[in-house]
Each structure stands twice: as structure tokens, then as C-alpha cells.
Participant: 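Questions regarding the structure given below will be posed in turn.
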Amino acid sequence: MDYKETLNLPKTDFPMRANLPEREPAWVQEWQEKRLYERLIEATAGRPLYVLHDGPPYANGHVHLGTALNKIIKDMVLKSKLMAGYRVPFVPGWDCHGMPIEHQVIRELGSGARALGQLEIRQRCRAYAEKFVNIQRAEFKRLGVLGDWERPYLTMSPKYEAQIVRVFRELVEGGYIYRGLRPVHWCTVCGTALAEAEVEYKDHVSPSIYVRFPFVGSAEDAAALARREEDRAVLAERVRRLFVVIWTTTPWTLPANLAVCLNPHLEYVALDVGGDLYIVAERLADAFLAELGRTAAARIPVDLKPLDGRDVFQHPFLDRAVRLVFESHVTADAGTGCVHTAPGHGYEDFAVGQKYGLPVLTPVDGAGRFTDEAGVFAGRLVFEANDDIVRLLEQKQHLLKGEQLRHSYPHCWRCKQPLIFRATEQWFFRVDHARLRERALQQINGVMWIPPWGHDRIYNMVEHRPDWCLSRQRAWGVPIPAFRCVQCGEFVFDPATIRHVEQVFAEHGSDAWYELPTARLVPQGTRCRCGGSEFEKDQNILDVWFDAGVSHVAVLEERDELKWPADLYVEAVDQHRGWFQVSLLTAVATRGAAPYRAVLTHGLILDEAAKKMSKSLGNVVSPEEIIRQHGAEVLRMLFASVDYTADVSFSKGLIAPLLESYRKIRNTCRFLLGNLYDFDPARHRVSVENLPELDRWMLHRAAEFNQRVRRAYELFQFHLVVHQMVNFCAVDLSALYLDIVKDRLYTAAAGSYPRRAAQTVLYELLDTMVRLMAPILSFTAEEVLRYVPGRSVDSVFLLDFRDDLPRDDALFARWEKLFEVRAAVTKALEEARQADRIGHSLDALVRLYATGGIGSLLGEYLNELPTVFIVSQVEWDESLPPEAASPLMPELRIAVEPARGEKCQRCWNYSESVGCSATHPGLCRRCVEVVEAFSHG
RNA sequence: GGGCGUGUAGCUCAGUUGGUUAGAGCGCGUCCCUGAUAAGGACGAGGUCACUGGUUCGACUCCAGUCACGCCCA
């Protein structure tokens, strides 16, 4: 007789090989067909609401690893909250306006772009954005992300655009909006002002020049500069050879120079270089001389403060007096400590200019060409004029040193060309109006930042940020709802006018701004203060960050299933400057509070060497590639397994080890399923109090595991979930409990109490695990659930995490001790195996001896020990010598020898009872009983 | 240059208020098993806790500085 037939070996159709790339799309389709998201919303009516507000990715290009990480984290948060008992509506969104799309569209149109009007460009941009919304939607769904994909929010939808205008109106009402002439980063190629977020710093080669400005004060003025009495005469005598020296890397801004700025807290000296006197900061004097390759015959300490605010210098090549000003932004890090100041071309220059009443001179137009104000350079492109300016300085003998310098310089984020700073008329959001900055800082203190350093990061940024430049000179965006009076040139942007635009946009979308005549865009009878009634539309659009920055109004307030404020925002660390901040500012200004209760940030995806991924470096890995080869599940698990609060260093090398872990979890589930093929929980479940102690130990252990994992989910520490899951499967289950309990499952009679008890535990383990893994391993959990006997729901997401697993602390402590002994025994077994005395552990008889607590515990459990050790026999032997002490447990003595009796052909245990039955000579007594019952039954 | 981070075995991570020979899983090596089998089990070898200095009886843990990498800003 083949006794194998009488065993209850595992049986399951659950495939060992996951084959994820092929199987996953079917799940995605099934979730959609079954309307899983909608069903979950219905099924969770009445539960506490948990709102994670989706930050809109830009509708341009395919989903990359960064966007995938972000959405997967959100999905894991939402699913874990769902299964923890919340209702979790998720409305995904896209950011649709803005320069990147417009730029791309224009590039694709090539020379044809010029022939098109703004409206036609906008239509193409809209089509472009729609295309990528659809692409990305499919890609996010493919990742297993659950949400209201059929009704996302789009910043280009008419309703959303109307909300953008509405918030702008509320800001106008609150007095936050103003027009101003301000230097801004300006791209001469794109012809637009850039927001801080659109500026990229990278290396650029600029001229680096030292220029002297002649002192034009009187001899008396010069003498007054002396700190020491004895220097007065020299200064007075050499007044026509006295100069202040500046250093700059932007010679083209010199035509706009109006002042030289010194630091009030620095010491200055006049260096005697070949008879000329050069004023520089004392701390930079040596470095300056080294640059010139000269030495100074004398260093005369000077104090220029008496001349503060006076026009005591002469422009090096223009007929213009240059003012001496003081401000503490001047540093002694580089240059001369005397700073060339052009209020139209630098932010700090502008600030100093305001303080001293200087005009905002900007002799440069939007295309980067000098205007007539720049004299001989008129019509020249600024960067190209650099060399001529340097040459002119040389001619005038005011150039002290000129060379090329490679340094970090602002560039346009789209066209990658170097930017200039240029004063233009722009629309601004005033951060210091109505104590907004203070109130925003207060709100920051009330938000939970995860990880906690997020607080300091955004706090410092908000504390120091400048006003927000809201206007862009582009076509693809929401127009600034303002009208210029043709008669007087003043702007009309009062609440009533804007409200009208809101209504028009809600109905027709913002294209109406370009389609409709101005008369239809202003309310009837609108008049300027000057009495004028004829208007023209403002040509600016709003910064795309403004679009995203009002999503808390346009989405949270507008969608019935959501609420304001959100419970959580989840984005990458760069958003402290971006979305977190713009959302905060618009919310505090218009709603008086932060739009989020908590903010979770994750790092960025870097390459193997922790370097940024970029197309130019050729180190970009696409999610699509990973999905195609290994499945989305692997990407989900990978992102879950790392500590995302730091940047994630991604390499394909991470995948192979991860697959091992995945297989461990999958195979453990498969083993559990395989042993439950004949188990019906409704009929066969054994009650906890009737379970053997080992089984209760297992349930206690599972309860602890369950608690730890749930806690990790609460803290959004998914990497702890993954590690605990793998460890639990590998250590507690595979290597320990399941290994031990195999004997019972396989050899006991199918319907016997010991087997049903083990199956009860297996069932609980599987039921616990399938729920705990679902937020991360969504596909696998769903697949496993299909095979779970007696399942009551058709999606794992209709189940909640458990909290009802039984614990028994005293029992648990005893068994933990027994497992320590087990470790000592397996070590001894291994030694015996190495010495060729046994092969399988069942070949062994283990002799034990111990005194004290361990001794009495082992005495109590002596009958259980063979099972626990997976050996054939365990005997108590007081004669074991001290040398037999275990290295792991000195109070325990162990000896291993071959087991007694014969190997039972059925259960493979050695026993002296083998042969006790004439019908089954190869079997032990235990197996004889089972087999006889089997053949009769 | 400033603000905020990150740096523990080949990989991914633990390491509680500073306290005995720094842990886990995977991988690796050797062995066992062939009734979870493109599976399973055992044992073992791997770390100057980025570096330097300091505080302390004692520091991966606290302080200061340096280096590398990242984000944000100048």
C-alpha cells in the first residue's frame, strides 16, 4: 500500500508563480467592472471620514517613478485607513495649465506656432493636457491605485477655473493683490516672468570683472573719510585718484547702475595701488590685491558713512552720478564688499533703491534687448553686449581685472537658458498684508508635519518668502480678471467685475476671455473711476501654482463627499516650497486656517549612486519597464519596503532581493491555502480554549504581529509593515510553527481534532495576513482571498483589519522559553548532522538535562518536545556530563544520537512501535490507527 | 553662502530616556531534506555604527566641526 495516499498533503490551485505582469490587468479590469471604488464608498457610509487630498501631478508626460511613488504611498495610506474603519473618498486631480505644456505644444507646432492666435494655442494645449490626463489615469490605475478615476478634478475644467477666479476675487476683497514694478526672474527666450519654483540653478560662464568708480566728492569730502587724523591730507590730495571698486558677473547691468552699496557693519580701507586709492572692505583687501596681482603701498582705514546717501561717485562710462548707499545684505564672502547696485536688475538692489528713493531703471526689454535708455548699447542683446561693455570699461581705464567665471546661475526650468533679473509690471500677492505671514506661521505650528522636521522647513520658508508674483505673460492659463481703462490706463479689478468673470468662466471656461468681446466680460454699466467705460483685457495669466494652490477650495469645498480642511496632504519634500505653501497662503488669507491637518512628505527617487535621475545623465528608469517585467505589485512592495522619508536610491538591483521576499509571503499564503482545502471554518473551527498550547502561542504571536503592523500603518511606516510581514512569514511561520505543525496536518486523520485545531490556526493566520497585506500587496491579497475557504466578500477591501486575536501572556512566556531551548537543540542537531550522525532531524533522539526553572519547564512539557523539536524522541538524562552544556544555554545539557526503533514509512518518525501491526508492518502505532480508520472510512 | 534633511553588515531596515560581546530578514557559504518542490529546514561567515574632536565611569545614541549626497533658497 502507498501510504502517501493516506496523508493529507497540501492541495491548492493557487499558483506558486505569481505571473504578475499578466494577471494584474485582469484585477484592474475587475475592480473597474465591479465598480469597487463606488461600492466601497457606499459600504462605508456612516463611518468617520478621512480625507486625503490629492496634489495634482502635471498633465505632461508619462508617470515616472516619482509620481508612482507618490500615488502608491497615497493608495497605501487610503487603503490602510479604509481597513482601519474609515470612509476614504479619493478624488485624484491633474494640473493642466502652465508653461511646460504650452512650451511643448509650441515646440511641436514649430514655425506654425506664430500663425496661431492665443485661442488656438490654448485649444491645442487643452487637447495635449487631456491626452496626458488619460494616459496617466490609465497608468495610475495600472499601479492598483483606487479612487474616483471617472470623476477626477482638472484645473482646466470650467468649474475649476471659475473657482480660481473666485479665490483671486476673495484675495482682492481682502486687499492682498497689488500691481507693482518689481525685478523678477525673467526668461528672455520665453518672454515671461518666472516664479521661484520655475528657476533652476546650474553652471554658467560669466565675465567676472573688477570695476572702479571715480570719487567725485570734494577734497574736503575725501579728507572726511579718514579714520586717522594723519590720513586726511593724503586723501584730500589724491581725491581725483580715489575710487570705489566693485565686482560683478553681470556687466550688462552696469548701464542700469545707480548706486554702490556698502555694508554698515564692515570696515573699509583705501588701498594705495600705484598711487591710485581703491576703497574695498578691509577683510577682502588681500584677496582683492591677489586678484589684481598687485601690492598696496598703504592701507588707509576709511569710514564712508558720513557720505551715506550722497551722489559721490561717477558712473564708469555714463554721464551719471552714482549714489553711495548702505545695506547689510552686502557680504564679505567674495568681491570687494562694495556692491554694484541696479534697482531694476536685482531684488536686493531694488529694496535698497526703494529705501534711498532711487528710480527703478530697467533699460532692457522683454526680449533681453537694451532700450534707448541704454545709449550706445540700444538694440543689443544683453548677454551679447557683455564683451563690449567690458571693452568700453577697459577703454575708460576703469577695468581693473577681467576674466571668465564658471558659477551657479539661474536658468529657465523649461528652455534651460540663463535668466536675467528685470523690473516689470506684475501682479502680486502681498504676504505681509493683514498679518498673513504671522497667521500662516501660527497655522504651521498647528499642523502635524510628518516627519516632524517638515515644520522647521516650511516655517523658515514662509518666514522669509517674498511676495508672490502671480502674473505670467503666457496664453495657457487662467487670465487675471482685470481690465485696463482705455481712457486713463488705470486697472479695474473690483469684486463685482471679477464675480462676473467667474460666472462667465463657470459657464464657458476661461477661453471666453479670448473669445468674447471685452464688453461681454465686464458687467453692464461698469465705469472706471475716471468715468471711462471702454476697457481692454489684461494680457496676463495666473501663475500655475495659483491653480493648484486653490484646490482646497475648488475640490475640498466643492465635492460633497469631501470636507475642508483635509486630514492629510502627501507630497514630495520639494512641495514645502510648492503646493504645501501656496495652498497654505491662499487658505489662511481666505479661510483663516491651513487647508490640512497633517502633511506627510516623502523623498525623491534618486539613482543607484544617490544622484538625481535625469534624461541627460541617462539614469532614468521608467515604472512601465518595471511593471512590464515584474508587475506593479513589485513596485508597490519596493516603495513600501524603503524608508521613504529620506530620498529613495533606486536601482534595478533592488528588485531581485525583493522578489525573494515577495515569494516568501506568497508561498506562505499558498502553504496555508494548501492545508485548508478541506476546512470549512463554519463547521470545523476549534474554539480557542480547546486549542493545544502551541496553537495558542501561535495565535498570541499573530495578535502581536497584527498589532505591530496596524501600528506601523497608523504611523505611515510601510517599510516596517513589509519587514514585519516578511519576518513573520519566514521566522514565525515557515521556520517554526508551520514546520512543526506539518506532522499534524499531514499524518493525523483528516477530520481529527489535532488537525482541525491546526487548520483553525492556519485559517486565522491567513485571514489576518490577507487583510494586513492588502494595502500594499493589493493584487496578491485579492488573489489569495479568492482561494480562502468560506470567504464572505468578493474583494479584500470590503474587509477590515482585525483586532480580535486571542492573547495569553503567561502561556506565551512559557513557550518563548521552550523555543529558546529549541534553538539550542537545533544547533546541537546541526553539529550531529555535520558529524554525519543524522540527516533529517527526525532521525534523532535528543537527550536533555537541566536544573532550575528551565529544568522544571522542560519536565512539564517533556511529551510536547519531540514535536516542537521535530525529532523522533526526547529523553531526560541526568547523567549528561557538564561538557554537554549548550553554548547557547549553559544551564542546558544536550546530547544527540540516532533515534530508537524503525522509521515509520508513513510519518517518518522513528518508533519502537513500528511493526506492531501485522497488516501494516512498516507503520508506527499512531499511523496504524489512522490508516485503519482511513480504510474503513 | 543660508534653511531643512540623509549617511548602521553586499541589499532593505531595527536599535526604546546614552549602559553588558550593535540586531532582523534577504543575499552569500556549508549542510540536510525531497510529502510547501522553479519549494522547505539548519548552522555559519559578514559591521572601526560616514569622518574628526568633545562631554561622560560609559556614546550608534548627546554636543561641535568635517566630508558625501539630496531638497529648497540666495
Side-chain angles (χ1 to χ4, degrees), chain A residues 3-5 7-12 14 16-17 196-197 199 201 329 331-334 346-348 408 410 451-461 463-466 572-578 581 601 603-607 609-612 637-638 640-643 645-649 651 653-664 666-675 717 719-720 722-731 734-736 738-740 742-743 745-747 823 825-836 838-843 870 906-908:
Chain A
Y3 293 117
K4 192 165 170 178
E5 295 302 312
L7 295 171
N8 317 296
L9 294 177
K11 246 185 282 185
T12 179
F14 181 80
M16 176 178 274
R17 284 178 50 90
E196 307 91 84
V199 176
Y201 287 83
H329 72 261
T331 64
D333 300 334
Y347 185 72
E348 275 141 349
S408 176
W453 47 257
H455 170 273
D456 294 0
R457 194 170 155 86
I458 193 167
Y459 191 98
N460 290 339
M461 288 177 180
E463 195 173 23
H464 296 113
R465 68 154 296 149
V573 277
D574 52 355
Q575 298 305 323
H576 287 107
R577 186 70 189 183
Q581 197 181 133
T601 50
L604 285 94
I605 306 272
L606 307 176
D607 79 356
K611 291 277 168 64
K612 220 193 319 205
M637 187 168 167
L638 173 56
S641 72
V642 296
D643 178 4
T645 59
D647 292 337
V648 179
S649 198
S651 78
L654 291 175
I655 291 172
L658 198 78
L659 285 173
E660 291 298 323
S661 300
Y662 173 80
R663 283 193 204 106
K664 176 53 89 175
R666 187 178 177 91
N667 270 327
T668 303
C669 290
R670 183 167 183 270
F671 181 81
L672 295 174
L673 287 170
N675 284 291
Q717 295 182 336
H719 63 291
L720 299 186
V722 172
H723 283 109
Q724 279 162 15
M725 187 84 66
V726 175
N727 272 25
F728 186 68
C729 287
V731 180
S734 206
L736 199 56
L738 298 182
D739 208 23
I740 290 171
K742 271 180 210 169
D743 178 77
L745 289 166
Y746 296 173
T747 67
V825 169
T826 52
K827 190 173 168 65
L829 288 170
E830 182 61 23
E831 278 160 15
R833 182 150 42 228
Q834 295 296 336
D836 228 11
I838 59 163
H840 194 278
S841 60
L842 281 176
D843 300 346
I870 319 184
R906 184 166 175 277
C907 71
W908 293 348

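Numbers restart at 1 for each chain; the letters A, B, ... are given by sequence-line order, proteins then strands.
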Participant: When the C1' atoms of B:G29 and B:A45 are considered, how many whole Å apart are they?
Facilitator: 7 Å
Participant: In whole Å, I'd like the distance from the CG atom of A:Asp843 to the C1' atom of B:C31.
Facilitator: 14 Å
Participant: Within the structure, does a side-chain N or O atom of A:Lys612 lie under 4.0 Å from either OP1 or OP2 of B:C71?
Facilitator: yes
Participant: Treating primed atoms plus P, OP1 and OP2 as sugar-phosphate and everything else as base, which nucleotides of nucleotides 9-17 of chain B get B, S or - for protein heavy atoms under 4.0 Å?
Facilitator: --SBSS---
Participant: With sequence neighbours left out, write down each residue that passes side-chain hydrogen bond (donor to acceptor under 3.5 Å, both in side chains) with A:His719, or none if nothing qualifies.
Facilitator: none
Participant: With a 3.5 angstrom cut-off on both distances, give the Watson-Crick or G-U wobble partner of B:A45, or none if there isn't one.
Facilitator: none
Participant: Is there a donor-acceptor pair closer than 3.5 Å between any side-chain N or O of A:Ser649 and the backbone N or O of A:Asp607?
Facilitator: yes
Participant: With a 3.5 Å limit on both atom pairs, tell me what B:G40 is paired to, counting Watson-Crick and G-U wobble, or say none.
Facilitator: B:C32
Participant: Return no unless some side-chain N or O of A:Lys4 is found under 4.0 Å from OP1 or OP2 of B:G35.
Facilitator: yes
Participant: According to salt bridge (charged side-chain N to carboxylate O under 4.0 Å, His left out), who are the partners of A:Asp643, at least two apart in sequence or on a separate chain?
Facilitator: none
Participant: What about A:Arg457, does its side chain sit under 3.5 Å from the base of B:C72 through a donor-acceptor pair?
Facilitator: no
Participant: Check whether A:His464 reaches the backbone of A:Met461 with its side chain - one donor and one acceptor, N or O, closer than 3.5 Å.
Facilitator: no
Participant: Can you name the residues that form a side-chain hydrogen bond (donor to acceptor under 3.5 Å, both in side chains) with A:Asn667, not counting sequence neighbours?
Facilitator: none
Participant: Please state the P separation for the pair B:A50 and B:C13 - nearest whole angstrom.
Facilitator: 15 Å
Participant: Would you please name every residue forming a side-chain hydrogen bond (donor to acceptor under 3.5 Å, both in side chains) with A:Glu831, sequence neighbours left out?
Facilitator: none
Participant: In chain order, what residues pass the salt bridge (charged side-chain N to carboxylate O under 4.0 Å, His left out) check against A:Arg833, with sequence neighbours excluded?
Facilitator: A:Glu830
Participant: P atom, B:C63 versus B:U56: distance in rounded Å?
Facilitator: 16 Å
Participant: How far, in whole Å, is B:U66 from B:G1 if one measures between their P atoms?
Facilitator: 10 Å
Participant: With rounding to whole Å, what would you report as the distance between B:G23 and B:C60 at their P atoms?
Facilitator: 13 Å
Participant: Calculate the interatomic distance between A:Asp647 atom CG and B:C4 atom C1'; express it in whole Å.
Facilitator: 12 Å
Participant: Under the rule for salt bridge (charged side-chain N to carboxylate O under 4.0 Å, His left out), what residues qualify as partners of A:Lys827, not counting sequence neighbours?
Facilitator: none
Participant: Under the 3.5 angstrom rule, does the side chain of A:Thr826 hit a backbone N or O of A:Ala823 as a donor-acceptor pair?
Facilitator: yes
Participant: Using the 3.5 Å cut-off, write out each protein N or O paired with an N or O of nucleotides 39-41 of chain B and the distance between them.
Facilitator:
{"from": "B:G40", "atom 1": "OP1", "to": "A:Lys664", "atom 2": "NZ", "distance (Å)": "3.1"}
{"from": "B:G40", "atom 1": "O3'", "to": "A:Ser734", "atom 2": "OG", "distance (Å)": "3.1"}
{"from": "B:G40", "atom 1": "O2'", "to": "A:Lys742", "atom 2": "NZ", "distance (Å)": "3.3"}
{"from": "B:G41", "atom 1": "OP1", "to": "A:Ser734", "atom 2": "OG", "distance (Å)": "2.8"}
{"from": "B:G41", "atom 1": "OP1", "to": "A:Ala735", "atom 2": "N", "distance (Å)": "3.3"}

Participant: With a non-hydrogen cut-off below 4.0 angstrom, is A:Arg666 in contact with a base, only sugar-phosphate, or nothing?
Facilitator: nothing
Participant: Expressed in angstrom and rounded to an integer, what is the separation of A:Asp574 atom CG from B:C71 atom C1'?
Facilitator: 7 Å
Participant: Whom does B:C69 pair with, Watson-Crick or G-U wobble, provided both distances fall under 3.5 Å?
Facilitator: B:G5
Participant: How far, in whole Å, is B:C26 from B:A9 if one measures between their C1' atoms?
Facilitator: 12 Å
Participant: Compare side-chain N and O positions of A:Tyr746 against OP1 and OP2 of B:A36 and report whether any pair is under 4.0 Å apart.
Facilitator: yes
Participant: Does A:Asp647 have any salt bridge (charged side-chain N to carboxylate O under 4.0 Å, His left out) partners at least two apart in sequence or in another chain, and if so, which?
Facilitator: none
Participant: As a test of the definition: with a 90° window around 0 for syn, would you call B:G46 syn or anti?
Facilitator: syn
Participant: Send over the distance from A:Gln834 CD to B:G29 P, rounded to a whole Å.
Facilitator: 16 Å
Participant: Please determine whether a side-chain nitrogen of the Lys or Arg among A:Asp574 and A:Arg577 lies less than 4.0 Å from a carboxylate oxygen of the Asp or Glu.
Facilitator: no
Participant: Contact class for A:Val722 (heavy atom, under 4.0 Å): base, sugar-phosphate, or nothing?
Facilitator: nothing
Participant: Given atom CZ of A:Arg17 and atom P of B:A38, what is their separation to the nearest angstrom?
Facilitator: 10 Å
Participant: When all nucleic acid strands are considered with a 4.0 Å heavy-atom cut-off, which category describes A:Gly674: base, sugar-phosphate, or nothing?
Facilitator: nothing
Participant: When the C1' atoms of B:C51 and B:A39 are compared, how many Å lie between them, rounded to an integer?
Facilitator: 46 Å
Participant: Pick from A:Asp739, A:Leu738, A:Ile740: which one makes a side chain to side chain contact (heavy atoms under 4.5 Å, CB included) with A:Leu736?
Facilitator: A:Ile740
Participant: Take A:Leu9 and A:Asp456, find for each the nucleotide of RNA chain B with the closest heavy atom, and name the residue whose nucleotide sits nearer the 5' end.
Facilitator: A:Asp456
Participant: Can you check the A:Glu463 CD to B:C4 C1' distance for me, whole Å?
Facilitator: 14 Å
Participant: Side chain of A:Arg577, base of B:C72: donor and acceptor closer than 3.5 Å?
Facilitator: no
Participant: What is the distance from CG of A:Leu842 to C1' of B:C32, rounded to the nearest Å?
Facilitator: 12 Å
Participant: Which base, if any, makes a Watson-Crick or G-U wobble pair with B:A14, both distances under 3.5 Å?
Facilitator: none
Participant: Sticking with atom P, work out how far B:U6 lies from B:G15, rounded to a whole angstrom.
Facilitator: 13 Å
Participant: Rounded to whole angstroms, how far apart are CE on A:Met461 and P on B:G5?
Facilitator: 11 Å
Participant: Tell me which of A:Thr645 and A:Val726 sits closer to the 5' end of RNA chain B, going by the nucleotide each one is nearest to.
Facilitator: A:Thr645
Participant: Should A:Trp453 be counted as stacked on B:G5, where stacking needs a ring-centre gap under 5.5 Å and an angle between planes under 30 degrees?
Facilitator: no
Participant: A:Glu660 has a side chain; which of B:G70, B:C31, B:C26 sits nearest to it?
Facilitator: B:C26
